[in-house]
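Below is one structure, written out as C-alpha cells; comments come after it.
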Amino acid sequence: MSILPLDDNMTQEPTRRARLVVGPADAASITETVCAITERPRPPAAWYAAFAMSAAATGMLFAAIGYLIATGVGVLGNNSPVFWAWPIVNFVFWIGIGHAGTLISAILFLFRQRWRTGINRFAEAMTVFAVACAGIFPAVHVGRVWVVYWLAPYPNQMGVWPNFRSPLLWDVVAISTYGTVSVLFWYLGMIPDLATLRDRAISWWRRIVYGLFALGWRGSAAQWHRFEWAYLLLAALATPLVLSVHSVVSFDFAVSQLPGWHSTIFPPYFVAGAIFSGCAMVVTLAVPARSLFGLKSLITMRHLDNMNRLILGTSLLVAYAYLIELFMAWYGGNQYEAFAQLNRALGPYAWAYWLMVACNVLAPQLFWFPKCRTTPWLMWVIAVLVNVGMWLERFVIIVASLGRDFLPSSWGMFRPTAVDVMMLAGSFGLFCTLFLLFCRYLPMVAMAEVKGVVPPHLGSNGVQ
Amino acid sequence: MLQPEHHHDDSPPVVGILAEFDGPVTLKAAATGLRQVGYAKFEAYSPYPVHGLYEVMGRKRTTLPRLVLAGGITGCLVALLLQWWTNAIDYPYWISGKPLFSLPANIPITFELLILLGALAAFGGVMVFCNLPQLYHPIFGCVKFRQSSTDTFFLAVDADDPRFDETATADLLRSLGAESSELYRQPRTVKRIPGMIPATAALVAALALLPPLWIAQVRYARKTSPRIHPILDMDFQPKYLPQQYSPLFKDTRDMRPRVAGAVSVDAIIGHVHLLRGEVDSPPADTFPMPVTSEMMLRGRRRYDIFCTTCHGLAGDGDGITSQLAFEREEPKWVKPLSLHDQPVLGQPVGQLYQTITHGIRTMPSYRSQIPVEDRWAIVLYVRALQRSRNATMDDVPGELKKHLKSIEQSDAGIPNAKP
Amino acid sequence: MPEYPTPNLDNDQVRLVGLPRGTSGVLMLIGLVALAIAVALGWRRDDQLRAFSASYLVNYTFFLSIALGALFFVALQHLVRAGWSVTVRRSAEILATGVVYLAVLFLPILAIMLLGWTSPYFKWLDPQTIADSHLAREKLVYLNLPFFTVRAVFYFLVWGLLARFFFKQSTSQDTSGDPMLTRHMEKAAPVAMILFGLTITFASFDWLMSLEPAWFSTIFGVYFFAGAVVGALAALILLALALQAGGVVRRAITVEHYHDLGKLLLGFVVFWGYIAFSQYMLVWYANIPEETVWYLARQTGPWTWVSVGLLFGHLLIPFLGLLPRVVKRRKMLLGVWATWMLVAHWVDIYWLVMPTFAPRHLPFGLLDICCLAAVGCMFFAGVIRTARRCALIPLKDPRLGESLTFENF
Amino acid sequence: MPTTQPPFPEWVNRARPYAGALLIVVPAYLVFLIYAAGSPQTTDVGYSPRQPVAYSHQVHAGQMGLDCRYCHTTVETAAFAAVPPTSVCMNCHATIGSERETIKPLQFSMKTGKPVPWVRVHDLPDYVYFDHRAHVGRDVGCVSCHGRIDRMEQVYQAKTLSMGWCLECHRDPAPQLRPEGSITNMAWQPDEDARALGRRLMEENNISPSTDCSTCHR
C-alpha cells in the first residue's frame, strides 16, 4: 500500500485512516504552528479590521443595553400579544450556537473521534462566548436588571424562594451550569498548552501571565494521569448536560399549552437544532480562521468535511422534527395546532417560515455533494445560511405562535425596534470580539491533544 | 550543559538528575527499568499523556471517579432537599393544581445540580490531587526542561531517593536509554515571603474593618436622614395615596377637603333624629336606634377613648388633661363639666348628642373624630354613668338583686362594716 | 505499510458449528406449537382472539424492535465508518435479516384485522368508535385498513431490502475481500438511515400509537426507537456471550468490544430515559385531557406499579448498574445487565400496548409466555438459518485489524 | 547544567495557603458586607425623621395614656391609619400651651388651612397593600408593628417592615394576637402562654392570614 501524500488526508479508502494532520506532524512543528500565532508581535491586518468592527458593535450592544436599562423595557418591540420575542429568540439562538463546542469536545471525545482535537479548542471557546452572549438577553429583558439575582435561591429578607417548578428557573440553573462546566472544560484542557506558552515565553510578562494561568503545570506522569481522568469525567458529565440544556430551553415553550409550542418532540428537536446551528457556526469561524492564522495543516479539509457531514445529518434531524410536527398537527385532529402550523406556512410570517425551510432543510442538502463539502467559500455560505435559518426557526416558533393564539381578538404582530436590532447585531460584535481576542492570545488548537493522537505516539507515519 | 563536578559548599543543593529521552516508548521502558531496580522517588515528564506510563511507575490509580460520583450524588440530594424544603415547606407554591412537591418538575434542576457538583468535584479534584496551582518547582530552573512541554521527554530522579547516587544513577539512566542526563540544583530564588506582602495584607485587613464598623453604627443608630434605598424600583408610584403631597392643589393636599357649605343629602331628606339629634326641632328625648347592650359596650369603649381625657373615667371632669393643665397652671384652662352636675343631668339625649357633634363653650366639636352611631353610643353610656350615681334597688335586675342582697347581708355580718 | 497487524484468527472458530443440524426446524416446531396453544388460550376466552391479539402484538413488536435496533446498529457503524465494531457487526447483520421472517409473522396480525374478528384490536376499525369519535372519523384518511396494509408492506420492503443489502454486501466481502464493498455500504448508510428513521417512526405510529386513535405524541417514534436500540444492544451482548460460550468467535470478540457495547447500552438506557421523561413531563405539565388520558391509564390501578417499575427497572437501577467500568468488562456481570435490560424492554413494550386492552388489571399470564415463545422461536429459527450460511465475523473487512487491536481508555 | 530563573520564586508556593484563605475570606467578607448593609435592619430600622412639630408620643400616649385611636381615628375602619388633622391637636391645644413655641406651627396651620407637613415614618413601598383595619380588627396590637410608641420622644421605625418580617407573622400569627380590648395597650402582657391564647383567638375569630402573593401585592 502506498503512503498517502503529506498534504492530502481526504482518502475515502476503507483500508486506511486519513491523516489527522497534513504536512509535518512532529510535536515541534505542531507547537510552532499554534504558538506562533500568539507569539508574533502583530496579528494580521485583517485581525485589526475585524477587531475594530466587532469592538464597535460591542460598544453598540452595551450602549443599547444602557439605554434599555435607563429607559425601561418599553424600548423593545415586545408587546401584547408577543411578550416573548426578540430577546428570547436571540437567547435561544446563542445558546444553541454553544452546543457544538460541547458536542465536539465531549461527545466526539467519548466516541473516540480523534479528529476532534484539531477543532475542539476553538469550538469550546465558541461555546463559552456564545453562552456569554446568550446570558445577556434574558437578563436584560426582565425589566429590572438590578434585581436579577432574585433568581438565585439564597436566604433573603423577603422570605420567599424562587419557584423551582418554573421552566424559566430551570433555564437559569441550566445555563449557569452549562456556562460553568464549559469554562471548566475549556480551561482544564488548555492548562498544558498554557504551560507550553509559558515555557516558550521570552518576555517576562508573558512568562508571568501564562505562568499564572498554567498553574505550574509540569506534565508529570502523575499530573497527566489525573488530568486524563478529569477530562474524561468532565466529558461524560458534559454530554448529558448539553442534551439537558437545550431540552430545558425547549421546556420553556413545550410545557405551555400554546399551539405550536406544546409538542413532545421539542426536547430532542431543540437539541438537534442547537447542534446543527453550532456546527454551522464552527464552520463559519473555522473557514476564515484557518486561512488567516495558517492553521490549514491542523484544521484540515477533512475536519471541515466532517463538520459538513454533521451539519447535513443534524439538518435531516431537524427536518424530521418539522415533518413529524406537521404530520401530528394534522393527525392529532386539534384544530388550533393545525392552524398554528398553517399560520406559520401561510400566515403573516410565512416569509420567515419559508426562508427557514430553505436555509435549514434545503441549503444543507448541497452537502450531499463532496464538492460542496470541500469548497471553503461554498461551505461558508451554506453555514451562514444555516445560522440565519436557525435564528429564523426560533423567530417563527416564538413570534408566529404568540402572535396568533386561541383568541383571534388578541392577535397581533411583532415589529422589532432599533434597540432590538442593535442588540442582536451587537451580540455578534461581542461574540466576535471575544473570539478574536481568543485567537490572538490563547492556543487555538489543543496542541497536547493533537500531539497525543499523531505519530510517533501511534507508531506509524502520520496515519491512524 | 556541563556542570563542574566539584562544587563549593555555598552552591545550592542537588535536587536530582534529569534525563532526556527521545520518545514515549523509551521513556516508558526507562521508567519500568527504574522501578525494577527499586527506585521509588522519580517522576516522568512528557508533552502529552503517555498511556500506561503512570501504571508502570507503580503509582496508585486516582480516586477521582469516586470523588465525582460523590459530587454528583451530593448535587442530586442537595437539589431535591432544596426544592422540597423551599417550595413545599418554607414557602409553599401552589402551581397549576400540582402537588406542592411534584417530582417531575424538580427533575431538571436536580439533574443540573448533579452535573454541576460532579463537574466541580472533577475540576477541584484534579487541582487537589495534582497539587495545583504549584507555580514554583525546582525543575523549572532547568533550561532544558522548557522543552518538555513541546516535544521532549524526561525522567527526573529525586536526590532523596535512598538509591540515589550522582554517578551510579546517571549511568543507570543512560543504560536505560537516556540521551543525556544532568544533575540539577535548587534554583536561587527567594524562599521567604517578602515582608511587604504581610504588611500590606495587615493594612488592607485593618481597612477592611471600617465598612462593618460603619454598618454597625448605622444599624443601631437613630437616623433623621431619609432611608437609604439605592434602587427605588416602584416604591413610589405616580398615584395618590391618603394624606400625601400633590402639587396639583394650592394647599398641597392630595385628599380634598369637603367643599365649604356642602350639606349632606341625608340631612336634607331625613334622618333628622339620627344626624341632628332633633325630633320636630327640639332636641330629641329618645335614641334614634334601638338601645342594646352592644351599643352600651361600644359607648363605653368610645367614651374611654375620646371623653376620659377631660371628663375622667367616671365623668367627674377630672381627666388627665385637666389634671395636667392645672398642674401646669394653664391660664386659659377651664375645668370640664362634671357629667353628674345638674345642667347635664337634665339634658335630653338629643342635646348631649348635639354637644358632642358641635362642641360647647371650650369643648371642641368631635364630629370629625367620632362617627354618628358612636356619638349616640357615647350618649347612652353617659346616661348610664349618670344613672349609676342615682340608682335605686329597683333599677337592679332580678337576678342581680339577690346577689346584691347576699353581699349586703354578709357585709352586715361584719361588725366594722359600714353600709 | 499496514496500520494494524494482520488479524490472526486461524485458531478461532468463526462458523456456527455448535448447534445440531435440525435446530432451526425444532425451534420452528416449538414456535408453531406455542402459537397453537396461544390461539387455543385465546379461543377459550371467547373474545374473538382479543387477548391473543394483544399479547401477540406485544411479543411481535418486541422481536421486531430488536431486529430493527440491530439494523440501526449496522447502518450506524457504516455511517460513521466505525472500526471497533467490526467483529460484532456480523451478529447485528444476522439479527437484522430476521426482519424478513418477521414480515411473515406480521401476517397473523393482518389476518385478524382483515377477518374483522377483534374489531376493537385497533379501535379505528370499530364502527362504533368511528361513529362516536369525530377524531377517529377525521383520521380515517390515514387510519384505514387498505392504507394500513400498504404502509406495512412498504415498511417491510424497506427493512427487508436494507437488511439483506448490508448482509449480502458484508458476506460477499468474506470471500472477495474487496474493500470497495465497505465503501458501498458507507455510501448507502445515510440513505438507509433516512429510510429507517421514517419507517420506524410511522410503523410505531401505526402499530402502537394508533391503538388509542385519539391520542398522539410527536416524540413517540423516537421513544420506540430508543427502546428498540436498547433491546438490540442487550440482545447483541447476549448473542456474543452465547456464541463465545458455544466455543465460537472466542478471540474475535474481546473484552474491549463488551466494554464498548456496554457503554453504548448505558448510553441508550439514558437516552431512553431522556425521551421517556421528555414525553411524560410535557404531558404531565401541560395537563391537557386529550393527552393525559394515555398516561392516566398507565398511572391508575396495577399499571402504576408497572410505570414505576419501568422508571426504576429501565432507567435508574440499570444506570447505576452499568456505570462502573468493571461491570462492562466482566462478561458475567454485563450478561446479567443485558438480560435485565431485555426484560425491561419487554415490559416497556407490554406497557405501551396492554393498558389499551386491559385498563383495569394486569393480564399477564400463560398466554403471553406462549406468544413470546411462539414469536421468539420462529424468529430465532430464521436467524439461525441465516447464521449457518455465513461466517460470524466479517472475515475480510478492511477494518478487522483495527477492531481486534483497539483499546478503551 | 545550565540553569535559569524559574518564572516564580519559591515563596509563591508558601503563599498558597494564604491565597487560598483569601479566596474564601474575601467572598465571605463581601457577602457579609452586602448582607449587613442591605439589610432593612440597617437601612430602615431606626429611621426617625425630625417632625415639623416636636410632638412627643411619650407624653401623650405614655404619660397621659391617650388612646391611639383618639388621634389615629381611622385605624379600625380604613386601610390607612390617618395622621390627625390640626383640629384634633387643637381640641386641647386651643387652650393648653397656646403660647408655647412648639404649638406655633399648629396655630399657623389652623389659621391658614395649610396642613402640617408631618413626615411619615412607617412608609411601605407603594406596591404593598397593607390594611390597618384587617390587622387591628383581627386582634393584632399596635405594638407588634410599631414598637413601644409610648416610650418614643420622637417616633422611629422599630421593626424592619420587610416582606420576610410580614410573612413571619402571616405564617405564624398566634404569638402576636391579643384580646380585643388590649389592641392599643402598649404594655399589655398575656396572663397565659401567648401562643395558646393566640391559637384560641385564631379559632374564635376565624383568623387565618393568607400568604398568597396577591394578599399584599394587588
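Since this is a predicted model, take the numbers as computed values, not measurements. In what follows, chains are A, B, ... by sequence order, proteins preceding strands, each numbered from 1.
Considering Thr177(A), Val172(A), Val181(A) in turn, Thr177(A) is the only one that fulfils the side-chain contact (heavy atoms from CB on, under 4.5 Å) rule with Glu112(B). Considering Leu172(B), Asp161(B), Val56(B) as possible partners of Leu34(B), the one that fulfils the side-chain contact (heavy atoms from CB on, under 4.5 Å) test is Leu172(B).
Only the side chain of Phe111(B) comes within less than 4.5 Å of a heavy atom in chain A; its backbone stays farther off. At a 4.5 Å heavy-atom cutoff, the contact between Trp85(B) and chain A is made by side-chain atoms alone. Only the side chain of Phe123(B) comes within less than 4.5 Å of a heavy atom in chain A; its backbone stays farther off. Only the side chain of Val248(A) has a heavy atom closer than 4.5 Å to any heavy atom of chain B. Interface residue Gln223(A): backbone and side-chain heavy atoms are both found under 4.5 Å from chain B. Proximity to chain A (any heavy atom under 4.5 Å) is restricted, for Ser148(B), to the side chain, taken from C-beta onward. Contact of Gln134(B) with chain A is made through backbone and side chain together, with heavy-atom distances under 4.5 Å. Interface residue Val147(A): only side-chain heavy atoms are found under 4.5 Å from chain B. Using a 4.5 Å cut-off between heavy atoms, Arg218(A) touches chain B through backbone and side chain atoms alike.
Counting heavy atoms of neighbouring residues, nucleotides and ligands inside a 6.0 Å radius, atom OH of Tyr154(A) exceeds 12 of them. Residue Arg144(A) qualifies as enclosed at atom CZ: its count of foreign heavy atoms under 6.0 Å is above 12. Heavy atoms of other residues, nucleotides or ligands lying less than 6.0 angstrom from CZ of Phe213(A) number 12 at most.
Chain A forms more heavy-atom pairs under 4.5 Å with one residue of Lys98(B), Glu55(B), Arg61(B), Met127(B) than with any other, namely Arg61(B). By number of non-hydrogen pairs under 4.5 angstrom with chain A, the leading residue of Leu113(B), Ile139(B), Asp90(B) is Asp90(B). Taking chain B as the reference chain and counting heavy-atom pairs below 4.5 Å, the highest number among Pro162(A), Ser176(A), Ala214(A), Ser247(A) is found for Pro162(A). When Gly211(A), Pro240(A), Gly159(A) are compared by the number of non-hydrogen pairs under 4.5 Å with chain B, Pro240(A) comes out ahead. Highest contact tally toward chain B, considering only Phe251(A), Tyr231(A), Tyr187(A), Trp161(A), is held by Trp161(A) [criterion: heavy-atom pairs under 4.5 Å]. Among the candidates Gly125(B), Ala156(B), Ala122(B), Ala119(B), the residue making the largest number of heavy-atom pairs closer than 4.5 Å to chain A is Ala119(B). Ranked by heavy-atom pairs under 4.5 Å with chain B, the first of Ala448(A), Gly219(A), Cys35(A) is Gly219(A). Of all the listed residues (His137(B), Met57(B), Arg59(B)), the one sharing the greatest number of non-hydrogen pairs under 4.5 Å with chain A is His137(B). Per-residue heavy-atom pair counts under 4.5 Å with chain A were compared for Leu114(B), Thr152(B), Thr150(B), and the maximum is reached by Thr150(B). Options Leu212(A), Leu233(A), Asp193(A), Thr180(A) differ in how many heavy-atom pairs under 4.5 Å they form with chain B, and the most are formed by Leu233(A). Taking Ala222(A), Ala238(A), Ala195(A) one by one and counting their heavy-atom pairs under 4.5 Å with chain B, the maximum is reached by Ala222(A).
No hydrogens or angles considered: a donor-acceptor pair under 3.5 Å links the side chains of Tyr178(A) and Thr102(A).
The shortest distance between side-chain heavy atoms of Leu80(B) and Leu103(B) falls below 4.5 Å. Tyr54(B) places none of its side-chain heavy atoms less than 4.5 Å from the side chain of Glu228(A).
We find that Arg200(A) and Glu32(A) are joined by a salt bridge, their nearest charged nitrogen and carboxylate oxygen being less than 4.0 Å apart.
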*Would you sort out whether Trp146(A) and Ile69(A) count as a side chain to side chain contact (heavy atoms under 4.5 Å, CB included), showing the intermediate values?*
CA-CA 9 Å; Trp146(A) 45 90; Ile69(A) 293 173; 3.8 Å; yes
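Here the CG atom belonging to Leu120(B) is positioned 9.5 Å from the CG atom belonging to Leu234(A), to the nearest 0.5 angstrom.
Between the side chain of Asn120(A) and the main chain of Glu124(A), no donor-acceptor pair closer than 3.5 Å is present.
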